[in-house]
Amino acid sequence: MKTLHKTCAIIALVASSTAFAAVDFETLDVDGDGAISKSEASVSSPLMSQFKELDTDGNGELSKEEFAKA
């Protein structure tokens, strides 16, 4: 349930933001594992549109370094 509340908060934050760059890595990394999964990135259309290009190691997640290139 805690994750659901965090996810809803992030969706509201991203929806109210004009650019995903205003949302930091830690906010998008809902589970705190040090990476942004496709599921976590799905709250941001601009990020999802760049996900494949940003995921330079092809592991299906964005590291902090990969996210910083956005």
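Just so it is clear, the values below take in all heavy atoms, side chains as well, and ignore hydrogens, waters and symmetry mates.
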Novice: Calculate, to the nearest 0.5 Å, the distance between atoms CZ and OG belonging to F51 and S42 respectively.
Specialist: 10.0 Å

Novice: For the pair S49 (side chain) and P46 (backbone), establish whether a donor and an acceptor sit closer than 3.5 Å, ignoring hydrogens and angles.
Specialist: yes

Novice: For D29, run the side-chain contact (heavy atoms from CB on, under 4.5 Å) check against E61, E40, K64 and tell me which one passes.
Specialist: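 Going through E61, E40, K64 one by one, the side-chain contact (heavy atoms from CB on, under 4.5 Å) with D29 is satisfied by E40 alone.
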
Novice: As a quick check of understanding, evaluate side-chain contact (heavy atoms from CB on, under 4.5 Å) for L62 and L28, giving each step before the final call.
Specialist: CA-CA 10 Å; L62 298 180; L28 289 171; over 6 Å; no

Novice: Which heavy atom in V30 sits nearest to a heavy atom in T27, and how many Å separate them?
Specialist: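 Looking at all heavy atoms of both residues, the closest pair is CG2-O, 4.1 Å.
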
Novice: Drop me the distance from S45's OG to Q50's CD, to the nearest 0.5 angstrom.
Specialist: 11.5 Å

Novice: Measuring from D57:CG to E66:CD, what's the distance to the nearest 0.5 Å?
Specialist: 4.5 Å

Novice: Go through it in stages, so that I can follow the logic: the residues are L54 and F67, the test is side-chain contact (heavy atoms from CB on, under 4.5 Å), and I'd like the CA-CA distance, side-chain angles, deciding distance and then a yes or no.
Specialist: CA-CA 7 Å; L54 293 172; F67 179 78; 5.7 Å; no

